[in-house]
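Have a look at the structure below before the remarks.
Naming convention: chains lettered A, B, ... in sequence-line order (proteins, then strands); numbering from 1 in each chain.
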There are 2 protein chains.
Amino acid sequence: MEDGAAERIRPRDRILETARDMFHKHGIKGVGVDAITEAAGTNKMTLYRHFESKDDLVIECLRATACSANAMWQKFEAEHPGDKLAQLHAWVRMAADCLLMDGRGCDMANAAIELSETDHPARRVIKELKQAQRDRLVGLCRDAGIGQAELLADTLSLLLEGARVSLQSVGAEGPSAQFVRMAEGLITSFRAR
Amino acid sequence: MEDGAAERIRPRDRILETARDMFHKHGIKGVGVDAITEAAGTNKMTLYRHFESKDDLVIECLRATACSANAMWQKFEAEHPGDKLAQLHAWVRMAADCLLMDGRGCDMANAAIELSETDHPARRVIKELKQAQRDRLVGLCRDAGIGQAELLADTLSLLLEGARVSLQSVGAEGPSAQFVRMAEGLITSFRAR
DNA sequence: CTAGGGTGTTACCGGTCTGTAACTTCTAGA
DNA sequence: TCTAGAAGTTACAGACCGGTAACACCCTAG
């Protein structure tokens with residue numbers, strides 16, 4: 001029975017989860033594969049049996065992150081079925097909570113900054129995943145009945161992205177502390193148009 | 001006469017300028033001191049005669065960047081003497097131009113993301129320089145007669161920071177393309193309050 | 001002309017990194 | 001119980017990193 005051994009997670013998944021956590025905390029170039037495998041309670045050979053390279057592992061981590069984000073959006077829909085405006089407010093609240101709890105920014109944005117080589121294989125993935133997130137936010141704004149949905153969604157995107165990076169450079173008392181106020185103000189303002 | 005040899009820039013300054021450029025393009029961890037000195041037409045020993053360590057060099061680069069930003073602000077004042085609102089619009093225009101021309105984000109923000117160690121010596125410097133930039137923007141907004149000067153300044157800060165990082169992850173056709181429209185709209189909106 | 005400081009050159013240290021090879025051990029399924 | 005494949009272990013290759021030592025050079029101020 002494979003469920004009986006389900007508590008013992010497969011090495012591949014342990015590596016993936018550990019790598020996500022460590023990449024998030026210390027950056028991609030800030031952590032080596034040895035450190036990841038050790039923290040995951042396994043070894044380097046096992047890593048390279050499941051992933052072609054470190055870059056491949058990075059990409060899989062980003063996909064996993066996007067997957068987690070998907071789950072968030074499904075939660076919004078589940079908690080406020082049909083009420084797109086409430087879902088938009090839930091998005092703002094979630095974003096603010098992440099800001100407060102986390103401290104380190106968006107994995108994809110951080111990776112994009114760290115992996116400055118324009119032809120890095122992860123860049124394609126980052127772009128396409130970020131694009132998907134953008135499209136979804138635009139869709140939510142539009143379905144919430146906002147006229148200039150794209151402009152609002154893009155503004156909210158930039159605000160959140162900016163808050164995440166500002167949190168790391170200026171700190172928690174910096175501009176990012178006002179994120180919710182800005183976002184809610186913007187939504188109100190766009191609804192009135 | 002030392003001015004006669006001024007065309008031949010001092011190795012220290014060549015290293016500093018080259019390092020700024022390379023750190024900006026490839027990130028701090030993405031470029032080694034050997035590559036910097038070679039590109040600067042000198043060698044590693046000379047670098048370490050002028051800078052205590054690579055971290056020290058990084059910090060000096062960030063200070064130099066802040067210095068360049070200072071020059072920008074003086075240009076605003078020189079071009080629109082006394083007219084703070086015009087200076088604010090000039091700031092927006094400058095920011096947008098940087099976005100279009102550059103592609104890579106703010107050196108300080110990028111450094112903050114890359115140097116994830118919370119006790120890294122550069123972090124203090126980044127925080128204090130970013131704080132100074134924020135204070136100056138707040139002052140400009142206030143002097144321009146805007147009521148909620150802090151909120152506007154912080155919103156503009158986050159928008160710009162977000163646009164810079166979005167440019168690297170989603171690309172030029174992403175949300176950052178609307179930066180000017182957002183910023184100008186915000187200024188108008190805040191002036192009307 | 002000369003002395004001395006700034007600079008260039010070469011070699012090296014110890015460490016870390018990604019990635020691989022060869023071999024042993026474990027474990028699940030027939 | 002036996003076997004095949006997954007996982008662990010050890011060692012290593014080759015490259016790059018930050019930083020230092022020793023020494024030769026050049027150029028300018030006196």
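A/Lys54 contributes no side-chain N or O that forms a donor-acceptor pair with the base of C/dG19 under 3.5 Å. A/Arg49 contributes a side-chain N or O that forms a donor-acceptor pair with the base of D/dG8 under 3.5 Å.
Side chains of B/Leu158 and A/Leu158 form no contact here, defined as non-hydrogen atoms less than 4.5 Å apart. Between B/Asp102 and B/Leu167 the shortest side-chain heavy-atom distance does not fall below 4.5 Å.
The side chain of A/His50 contributes an N or O atom lying less than 4.0 Å from OP1 or OP2 of D/dA7. One finds a side-chain N or O of B/Thr42 lying less than 4.0 angstrom from the OP1 or OP2 phosphate oxygen of C/dG8. In this model, the phosphate group of C/dT7 is not approached by any side-chain N or O of B/Thr46 to a distance below 4.0 Å at OP1 or OP2.
One can place NZ of B/Lys44 at 13 Å from P of C/dA11, the figure rounded to the nearest angstrom. One can place CD of A/Glu38 at 11 Å from P of D/dT9, the figure rounded to the nearest angstrom. Going from atom NZ of B/Lys29 over to atom P of C/dT16 covers 14 Å, rounded to whole Å. Atoms CG (A/Leu47) and P (D/dT10) sit 18 Å apart, rounded to a whole Å. As a whole-Å value, the separation of B/Asp56 CG from D/dG18 C1' is 14 Å. Rounded to whole Å, the distance from CD1 on A/Ile15 to C1' on D/dA6 is 12 Å. Protein atom CG of A/Asn43 is 17 Å distant from nucleotide atom P of C/dA22, rounded to whole Å. Computed from coordinates, the B/Asp34 CG to C/dT16 C1' distance equals 16 Å when rounded to whole Å.
Of the candidates D/dT20, D/dG8, C/dT18, the closest approach to any side-chain atom of B/Tyr48 belongs to D/dT20. In the set C/dT7, C/dA22, D/dC12, the nucleotide with an atom closest to the side chain of B/Pro11 is C/dT7.
Toward the 5′ end of DNA chain C lies the nearest nucleotide of A/Gly32, the other residue of the pair A/Gly32 and A/Met45 mapping further downstream. Take the nearest nucleotide of DNA chain D for A/Arg12 and for B/Ile28: the residue whose nucleotide is more 5' is A/Arg12.
Here A/Lys130 pairs with A/Glu161 in a salt bridge; the nearest charged N to carboxylate O distance falls below 4.0 Å.
Crowding of A/Gln131 atom CD: a count of heavy atoms from other residues, nucleotides or ligands under 6.0 Å exceeding 12.
Judged purely by distance below 3.5 Å, without hydrogens or angles, the side chains of A/Ser157 and A/Asp154 never pair a donor atom with an acceptor atom.
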